[in-house]
Asker: 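Sharing a structure with you now.
Quantities reported herein were computed from a predicted structural model and do not represent experimental measurements.
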Amino acid sequence: MSCCSRTNRVGRDGFLRLVFERRSSHTVLTNRRFTLPLQVLEPTRLPDGSLYTMMLNPTGGILGGDRLRSEIVLGAGTHVVLTTPSASKVYRTLNDAARCETEIHVGEDATLEYLPDHVIPHPGAALSQNLHIKLAPRSCAIVYDAFAAGRVGRGERWRFREIASEISINFDDAPCFISRSTLTPARRVDNVGLMEGFNYYGSLIALRHATKDTPDVTAVDKAICATPGVWGGASSLSAGGVVAKFLAPSANALASAMTSAWSAARQQLLRMPAFDLRKL
């Protein structure tokens, strides 16, 4: 795949490819390729043998016309925690929207924890993002997605142009979770029944390719409802899993709700406690 940025258009072409394999009792990164503005830091091994891997954009943010594609492969029996060092800033564009595409294949008996920080759209920003995950038999995934209403500290709520987002998770070739949304502030998204007066939105999906070891929806729901200032809850998926959605007044409240929901889902799905994503 060619990812060279062209001079006849605005924006950069970024590419990231990661391949993980299981060696003995550990997960190892066996293939790593990236083209700026995408990059990945050296992974950190956790005591349970999984790999904590931080993806980043060292250019400071996403610009109009950027085309960023990530391809991630988790081999059989691997366990990978993917996150970012901070929120992703999306800057103003006069023309084309930025496009971010992520495709993840999770092998048999593998575990994916995909936990990027939230998106912050600046005034005039336009973003189209797609996340596609394919789960093999007996694999599982915990996936987090979130965005802010804008740079709320500067009074810039709902001044971006558009955010279009799609998350699809398949068991083999059968869809088990699909979420599509398009936010255009010119059509008002602050009404009752939508975002109301909240500044942040988050969602967390926890799935296992089996029906017998699905997370307890009650535990995840209680974790969210116990977070001060946060509105939301969790419900069961027909495919065998949990989806949680919540609104938060601040970035700190969003992070608290995410941590609580992730901790509950991790304990239920993996029988493992959560850890500090920032202090390894």
Asker: Kindly determine whether R32 and V40 satisfy side chain to side chain contact (heavy atoms under 4.5 Å, CB included), including the steps that lead there.
Answerer: CA-CA 8 Å; R32 170 173 46 187; V40 64; 3.2 Å; yes

Asker: Do you know the tightest heavy-atom contact between P37 and P58?
Answerer: O-CD, 3.7 Å

Asker: Should L207 and Y114 be counted in the same cluster of Ile, Leu, Val, Met, Phe, Trp and Tyr side chains packed under 4.5 Å apart?
Answerer: yes

Asker: Keeping the roles fixed (side chain from S139, backbone from A136), state whether a donor-acceptor pair exists under 3.5 Å.
Answerer: yes

Asker: Got a second to check how far L131's CG is from C100's SG, nearest 0.5 Å?
Answerer: 11.0 Å

Asker: As an exercise, state the distance from OG of S181 to CD1 of I163, rounded to the nearest 0.5 Å.
Answerer: 8.5 Å

Asker: Tell me if a side-chain donor or acceptor on R138 pairs with a main-chain N or O of E108 at a distance below 3.5 Å.
Answerer: no

Asker: Whether the side chain of R69 engages the backbone of R99 through a donor-acceptor N/O pair (distance < 3.5 Å, no angle test) should be reported.
Answerer: no

Asker: What do the steps show when you test D172 against H209 for side chain to side chain contact (heavy atoms under 4.5 Å, CB included), and what is the final call?
Answerer: CA-CA 9 Å; D172 298 321; H209 194 295; 3.5 Å; yes

Asker: Just how far is it from atom CD1 of I142 to atom CG of L112, taken to the nearest 0.5 Å?
Answerer: 9.0 Å

Asker: Check whether any side-chain heavy atom of I62 sits under 4.5 Å from a side-chain heavy atom of L68, and report yes or no.
Answerer: yes

Asker: My understanding is that only residues two or more places apart in sequence, or in another chain, count here; which of them pass ring pair (Phe, Tyr, Trp, His ring centres under 6.0 Å) with F34?
Answerer: none

Asker: Indicate the atoms forming the closest heavy-atom contact of P121 with F160, along with that distance.
Answerer: CG-CD2, 3.3 Å

Asker: Going by atom types only, do T59 and N57 share a side-chain donor-acceptor pair under 3.5 Å?
Answerer: yes

Asker: Could you check N252 against S250 for side chain to side chain donor-acceptor pair (under 3.5 Å), going step by step and ending with a plain yes or no?
Answerer: CA-CA 5 Å; N252 286 338; S250 66; 5.4 Å; no

Asker: Between L29 and I72, is there shared hydrophobic-cluster membership here, with clusters defined by ILVMFWY side-chain heavy atoms closer than 4.5 Å?
Answerer: yes

Asker: What heavy-atom pair brings P249 and N199 nearest, and what distance separates the two atoms?
Answerer: O-ND2, 3.0 Å

Asker: Do any N or O atoms from the side chain of T259 and from the backbone of S256 form a donor-acceptor pair under 3.5 angstrom?
Answerer: no

Asker: Determine the minimum heavy-atom distance between T53 and P43, stating which atoms define it.
Answerer: OG1-CB, 3.6 Å

Asker: Y144 vs F246 aromatic rings, parallel, tilted or perpendicular, using cut-offs 30° and 60°?
Answerer: parallel

Asker: Compare all side-chain heavy atoms of I120 with those of R151 and state whether any distance is below 4.5 angstrom.
Answerer: yes

Asker: Verify the cluster assignment for L127 and L63: are they in a single hydrophobic cluster under the rule of side-chain heavy atoms below 4.5 Å apart?
Answerer: no

Asker: Measure the shortest side-chain to side-chain distance between T102 and E71 over non-hydrogen atoms and say whether it is less than 4.5 angstrom.
Answerer: no

Asker: State, to 0.1 Å, how close W158 and L183 come at their nearest heavy-atom pair, and which atoms those are.
Answerer: CZ3-CD1, 4.4 Å

Asker: Are H79 and T27 linked by a side-chain donor-acceptor pair shorter than 3.5 Å?
Answerer: no

Asker: Can you tell if the side chain of V143 reaches within under 4.5 Å of the side chain of E113, non-hydrogen atoms only?
Answerer: no

Asker: Output yes when a side-chain donor or acceptor of T78 lies under 3.5 Å from a complementary backbone atom of R22, and no otherwise.
Answerer: no

Asker: Would you sort out whether H122 and V90 count as a side chain to side chain contact (heavy atoms under 4.5 Å, CB included), showing the intermediate values?
Answerer: CA-CA 6 Å; H122 287 221; V90 185; 6.0 Å; no

Asker: Can we say D66 and R12 salt-bridge, meaning some charged N sits less than 4.0 Å from an Asp/Glu carboxylate O?
Answerer: no

Asker: Side chains of L41 and L56: does their closest heavy-atom pair fall under 4.5 Å?
Answerer: yes

Asker: For Y52 and L277, indicate whether the former's side chain and the latter's backbone hold a donor-acceptor pair under 3.5 Å.
Answerer: yes

Asker: Which distance, rounded to the nearest 0.5 Å, do you find between the CD1 of I167 and the OG of S179?
Answerer: 5.5 Å

Asker: Measure the spacing between OG of S260 and NZ of K222 and express it to the nearest 0.5 Å.
Answerer: 14.0 Å

Asker: Please check: side-chain N/O of R208 versus main-chain N/O of L269, any donor-acceptor pairing under 3.5 Å?
Answerer: yes

Asker: Less than 4.5 Å apart, any side-chain heavy atom of C140 and any of L270?
Answerer: yes

Asker: For the residue pair D117 / T84, report whether a side-chain donor-acceptor contact shorter than 3.5 Å exists.
Answerer: yes

Asker: Of the non-hydrogen atoms in A264 and A219, which two are nearest, and what is the gap between them?
Answerer: CB-O, 3.8 Å

Asker: Are D173 and K134 close enough for a salt bridge, meaning some N to O gap below 4.0 Å?
Answerer: yes

Asker: Are Q267 and M272 side-chain neighbours, meaning at least one heavy-atom pair lies under 4.5 Å?
Answerer: no

Asker: Quick check: do L247 and Y200 have side-chain heavy atoms less than 4.5 Å from each other?
Answerer: no

Asker: I'd like to know if the side chain of T93 reaches the main chain of D96, judged simply by a donor and an acceptor atom lying under 3.5 Å from each other, with no hydrogens or angles considered.
Answerer: yes

Asker: Donor-acceptor pair, distance only, cut-off 3.5 Å: does the side chain of T83 make one with the backbone of L115?
Answerer: yes

Asker: Can you tell me how far the CG atom of D145 sits from the CD1 atom of I205, to the nearest 0.5 Å?
Answerer: 7.0 Å

Asker: Mind checking whether Y201 and F147 have parallel, tilted or perpendicular rings, split at 30° and 60°?
Answerer: tilted

Asker: When you group the ILVMFWY residues by side-chain heavy-atom contacts below 4.5 Å and let the links chain together, are L51 and V73 in the same group?
Answerer: no

Asker: Please test L237 against V242 for side chain to side chain contact (heavy atoms under 4.5 Å, CB included), starting from the C-alpha separation and ending with a verdict.
Answerer: CA-CA 6 Å; L237 294 171; V242 170; over 6 Å; no

Asker: As a test of understanding, state which of I133, V243, N170 forms a side chain to side chain contact (heavy atoms under 4.5 Å, CB included) with F177.
Answerer: V243

Asker: Please determine whether a side-chain nitrogen of the Lys or Arg among E103 and R17 lies less than 4.0 Å from a carboxylate oxygen of the Asp or Glu.
Answerer: no

Asker: Does E166 reach the main-chain N or O of R180 with its side chain, forming a donor-acceptor pair under 3.5 Å?
Answerer: no

Asker: Honestly curious: do V152 and Y91 fall in one hydrophobic cluster under the side-chain, below-4.5 Å linking rule?
Answerer: no

Asker: Count the heavy atoms of every other residue, nucleotide or ligand shown that sit under 6.0 Å from CZ of R92, and state whether that count exceeds 12.
Answerer: no

